[in-house]
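In what follows, chains carry the letters A, B, and so on, assigned in the order in which the sequence lines appear, proteins first and then strands, with residues in each chain numbered from 1. If you're wondering where the values come from, they're calculated on a predicted model, not measured in any experiment.
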Amino acid sequence: MRAEVLVPFRAAGFSPRHHAWSGVATLALVILAWQGGSATGLIPDLFLPSPLAVARALWRLTLSGELRTNLLASVLRLAVGWTLGTMIGISVGIAVGIFTLARSPVLALVSALFPIPKIALVPLFIIWFGIGEGSKFATLAIGVFFPTVISTYSGIDNVQRNLVMMGQSFNLSTWSIVRKIMLPGALPSVLAGFRITISVAIILLVAAEMIGADSGIGAFILAAGNLYRTDDLIAGVVILSLLGLSLSAILTRIERAAFSWR
Amino acid sequence: MSSGSSTSLKLEHVSHHFGSNFVLDDISLDIAPGEVVALVGPSGCGKSTLLNIFGGLLQPTKGHVLMHGEPRSDCLNPLTYVFQDFALLPWRTVAGNISLGLEGKMRDEDARRERIGEMLRLTGLADFANAYPKQLSGGMRQRVGIARALAVRPACLFMDEPLSALDAQTRTLLLEEFAMLIARAAITTVYVTHNLNEALRLAHRIVVLSRRPGRIKAIVGIDLPIEARREGDPDLVVAEKRLWSMIRDEASAADRELDDAR
């Protein structure tokens, strides 16, 4: 046996790092390859229009005002439906997290109703709330409601009990304990829930608009598909992707501001 | 802080069990106004349980606690705790954490700010008012814990192993500070520890509990004034030997027990 052996470093790997530029480069590369495929005729135009064609369609839709009208209608539905579902969901989630009386009954309902695809209920909502905006708001609100309840009450469940007891030891009122200890403690989980509910809301928005609406990005995409206008169709999809990206970026900002203490 | 507390505490026949696990067995104990009592005993003997019963954070199975004597007029929270794990709100700054016990009770904002400033100076935290708990060392965090507790001018102070989450060096430093703070404030204090050195440094009387179910095994009075006690004082060394001989067998037996409470 040799007397001296160099001890090798063995703890490398398992620590992926984040490079923003490589993410952007990947997207650019995919678009470039797609454009190349279209230009060489490898990808038929009807199957998948080229990025340039999509860009042209976007420009045309912007000029005609079609994009503006549909986007506005969709964003309004998204805003009202999501806010409604979130506010009711957080309130119910707090109740579940705090009151024995609310806990089991609400959780039973949530467990039973959460797995139902809300899209299946859209025709019912149209009967209940009318073909207009009401049924869209209701679809989104109900879709957002359940995940919000779950993220809120599990956030409250994860607030350390010793902090609650500390609050009680200082004779804080129940409302003070909820406001100063429970809610800030549950906030990370609630905001993580927002990421999920924003995607859920966009999916439901498009579905609801496809079932019964004459405006909105979903209705626009459906109409474009029916007419085999695949460049318009993809343009609509791009808008949805951009919508999701910007909402997620806003959320990241909010999280950074709210969790400077972490 | 001047004139001390005039509040006395009296435990009357307190017993407690968690399910079939008997933790405390018929404990009666009087604590005089301004007296500092240390509760020592092997791990799992119910010291912390007893402390929680003292301040009304736990309902004993049998018996009760009596508080005698009107708290001072400026007392905002008569029964106040300092916790082993600090129990600081991570989303609040040092000043914000100290403020918690004052909010709602000290309506005048200027008075509150002044009180917070006084506590920051008293505990050597003046430069850390706007730091978050995460940025602080363990010793600094517990200084926040004691500042928060003293800010409400408590009539009785309950300290649950306040130094045991700290490393040995920090513990020695903080023990000196705490001993001085407690002696000067002359608040009726119950101090739970498994460290005999801590008990001997700052208690007028040391209550030795037996292992589970906890009973009072002995009460040892230390006559030397708290301000005059020094490390290695012959009287204290003798007392420590005596205490250790009492606890030693109990601790050894407790160490071999299965802990059902966990």
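The environment of Arg161(A) atom CZ is dense: over 12 non-hydrogen atoms of other residues, nucleotides or ligands sit within 6.0 angstrom. In the displayed structure, Gln135(B) atom CD is contacted under 6.0 Å by more than 12 heavy atoms of other residues, nucleotides or ligands. Counting heavy atoms of neighbouring residues, nucleotides and ligands inside a 6.0 Å radius, atom CG of Leu245(A) exceeds 12 of them. The number of heavy-atom neighbours closer than 6.0 Å to CZ of Arg103(A), taken from other residues, nucleotides and ligands shown, is above 12.
Interface remark: of the candidates Leu100(B), Thr80(B), Leu76(B), Leu100(B) forms the most heavy-atom pairs closer than 4.5 Å to chain A. With chain A as partner, the option from Gly101(B), Gly104(B), Pro90(B) having the largest number of non-hydrogen pairs under 4.5 angstrom is Pro90(B). Annotation: maximal heavy-atom pairing with chain B below 4.5 Å, among Leu163(A), Leu187(A), Leu172(A), occurs at Leu163(A).
Distance CG/Leu79(B) to CZ/Phe170(A): 11.5 Å, rounded to 0.5 Å. Here CD1 of Ile181(A) is found 5.5 Å from CG of Leu89(B). Values are rounded to the nearest 0.5 Å. Considering CG of Asn171(A) and NZ of Lys105(B), their distance stands at 5.5 Å, rounded to 0.5 Å. Taken to the nearest 0.5 Å, the CG atom of Asn52(B) stands 4.5 Å off from the CE atom of Met165(A).
Contact check for Tyr132(B) versus Ser260(A): side-chain heavy atoms found under the 4.5 Å cut-off. Using a 4.5 Å heavy-atom cutoff, the side chains of Met166(A) and Phe83(B) are in contact.
Interface remark: Arg148(B) contributes backbone and side-chain atoms alike to the contact with chain A (heavy atom separation under 4.5 Å). Residue Leu88(B) touches chain A through its backbone alone, counting heavy-atom pairs closer than 4.5 Å.
Within residues 57-66 of chain B, the residues approaching chain A closer than 4.5 Å by heavy atoms are, in numerical order, Leu57(B).
Remark: the backbone N or O of Ser169(A) is paired with a side-chain donor or acceptor of Asn77(B) at under 3.5 angstrom.
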